[in-house]
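Taking it in order: structure first as structure tokens, then the write-up.
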Amino acid sequence: MARILLLITALAVCNGYLQYPDNENDLQELYRIWKGEYEKIYDGHEDKKSYRTFKENIHHINQLNKLYDGRTGFELNQFADMTPSEFQQRVLMSKRTAPVFTRDRYAEFDQTNPLPESFDWRDKKMVTGVKDQGSVGTCWAFSTVGNIEGQWAMQGHPLSNFSVEQVVDCDGTEDVPDQKADCGVFGGWPFLAYQYIERQGGLESWDDYGYCSGNGKCFVCPAKGYNKTLCGPPVPYCLKNESCEAKIDLSKFVPGLKVTGWNAISKNETAIAYGLMKTGPLSVALNAEKLQFYKFGIFEPHFCDPSLLDHAVLLVGFGTEKTLFGTKDFWWVKNSWGAKWGYHGYFKIKRGAGMCGINTQVTSAVLMK
Ligand SMILES: *[C@@H]1O[C@H](CO)[C@@H](O)[C@H](O)[C@H]1NC(C)=O
Ligand SMILES: *[C@@H]1O[C@H](CO)[C@@H](O)[C@H](O)[C@H]1NC(C)=O
Ligand SMILES: *[C@@H]1O[C@H](CO)[C@@H](O)[C@H](O)[C@H]1NC(C)=O
Ligand SMILES: *[C@@H]1O[C@H](CO)[C@@H](O)[C@H](O)[C@H]1NC(C)=O
């Protein structure tokens, strides 16, 4: 990263926002450095295609940085060799509308005390380290497990990492009336994943059942119950010895960790802030198509359909920032794209405006006391 930054500052036309160079020599040098930084290895044909995409992305990032004039910043990252549609297909989930739950599912929170200006569960050690899902659609399992890690720590247990891979491999929960299903590397829903963990009776730790789906280290078969109609065709190739049935070990479930239910929170972002403070880190979803190259600032894209969700993440806090025109409220959100992305793996998104649907699928597991 340091070397990429050096090259930018050396060559950029600096108007308070980042601009990558646009002449061929510098672009080639930047591409070479970027490949080293992110350990990208391509064969000849792939390399040509990837370089073409890289250049298009740089052009796009320069435009975004100019548009936002230093308030929100975008930069090259591990996704610089993916076109927006490749990013959508591999890393995000297919666009989906949020289910609406029955009324008794929604938790209510006391709102008599005023909300503080800022709040963050990271300060209270309720959030584990940032993970990297890799180039597969497993965000929903990271979001689910992040919420459960928080719920566990809120009960006074030591904060620890739980298995995301178990959920990816084993959860084929479907909700036919709602037309929703959990589909492993092809996406899923936290509200269904809580139900899987409840039925299964527990979760292993991250160390006992490690993540391998997103880093090419395993070829996992579809979970039992995988619904082809709702999920699409399953992975074309998998190894039986790497399936859920081969790997899950009930004797390694974290002792005492049981999901007994789950709750949702209304779309009102004031209620969500109270709910966050009362409950712990919350699973949320959003339309993340514009998030590919985000680096800093409050994420607030001009066009972002809030009804088309494609990414699940974890809400951990909120705050308010001074701007030229007053103040702007934002949420702090934990992502699963590694710790180099955004603010050490986190992003800020505008609060109180239904931005990208961030308020439309707020849920939490309930654990056994
Ligand atoms: C959990 O995993 C992360 C990422 O590998 C690591 O940084 C962290 O130390 C682990 N433990 C906790 C409690 O976050
Ligand atoms: C899969 O989903 C379809 C569409 O919702 C539904 O009609 C079908 O019953 C489901 N299949 C199974 C095996 O549950
Ligand atoms: C499954 O089998 C393959 C090929 O025999 C092997 O490379 C892989 O390490 C095995 N995976 C596990 C989890 O044992
Ligand atoms: C959200 O709830 C608060 C307090 O309960 C209320 O004052 C506010 O008007 C609501 N906001 C919206 C957008 O409905």
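Positions are given from 1, in the same order as the sequence printed here. For ligands, and for the atoms within them, numbers begin at 1 and follow the listed sequence. Predicted model, so just to flag it, every value in this text is computed and none were measured.
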(message) Can you tell me how the ring of W121 sits relative to the ring of F119, calling it parallel under 30°, perpendicular over 60° and tilted otherwise?
(response)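 Taking F119 first and then W121, their aromatic rings stand perpendicular (interplane angle over 60°).
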Starting from [atom], which protein heavy atom do you reach first, and at what distance in Å?
{"atom": "atom 6 (C) of ligand 1", "answer": "N161 ND2, 4.2 Å"}
{"atom": "atom 4 (C) of ligand 2", "answer": "Q179 NE2, 3.8 Å"}
{"atom": "atom 5 (O) of ligand 1", "answer": "K131 CD, 4.4 Å"}

When you look at [atom1] of [X], are more than 12 heavy atoms from neighbouring residues, nucleotides or ligands closer to it than 6.0 Å?
{"X": "K95", "atom1": "NZ", "result": "yes"}
{"X": "H157", "atom1": "NE2", "result": "yes"}
{"X": "K35", "atom1": "NZ", "result": "yes"}

(request) Could you tell me whether some N/O pair between G129 and ligand 1 is separated by less than 3.5 angstrom? (result)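 It does: an N or O of G129 is found under 3.5 Å from an N or O of ligand 1.
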(request) Using the salt bridge (charged side-chain N to carboxylate O under 4.0 Å, His left out) rule, pick out the option among K348, R351, K290, K328 that qualifies with E300. (result)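 So, applying the salt bridge (charged side-chain N to carboxylate O under 4.0 Å, His left out) to E300 and each of K348, R351, K290, K328, only K328 qualifies.
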(request) State whether any protein heavy atom lies less than 4.0 Å from atom 13 (C) of ligand 2. (result)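 Protein heavy atoms within 4.0 Å of atom 13 (C) of ligand 2 - there are none.
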(request) Give the contacting part of K228 toward ligand 2: side chain, backbone, both or neither, where contact means a heavy-atom distance below 4.0 Å. (result)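 Near ligand 2, K228 shows nothing, with every heavy atom at 4.0 Å or more.
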(request) Output the rest of the hydrophobic cluster of V220: all Ile, Leu, Val, Met, Phe, Trp and Tyr residues reachable through side-chain heavy-atom contacts under 4.5 Å, sorted by chain and number. (result)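 Once heavy-atom contacts under 4.5 Å are chained together, V220 still belongs with nothing else.
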(message) So, taking the atom named CE in M368 and the one named NZ in K258, what distance separates them when rounded to the nearest 0.5 Å?
(response)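 So the CE of M368 and the NZ of K258 are separated by 6.0 Å.
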(request) Using a 4.0 Å heavy-atom cut-off, say whether Q111 meets ligand 4 through its side chain, its backbone, both or neither. (result)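 It is the side chain that gets close, since no backbone atom is under 4.0 Å.
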(request) Please indicate whether any nitrogen or oxygen in E174 is less than 3.5 Å from any nitrogen or oxygen in ligand 2. (result)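 Yes; the residue has a nitrogen or oxygen that sits under 3.5 Å from a nitrogen or oxygen of the ligand.
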(request) Counting heavy atoms only, name the option from N227, D175, L230, V176 that's nearest to atom 10 (C) of ligand 2. (result)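 Looking at heavy atoms only, the winner is N227.
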(message) Within the 4.0 Å heavy-atom shell around N268, which atoms of ligand 4 are there?
(response)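 The list of qualifying atoms is 1 (C), 2 (O), 3 (C), 8 (C), 10 (C), 11 (N), 12 (C), 14 (O).
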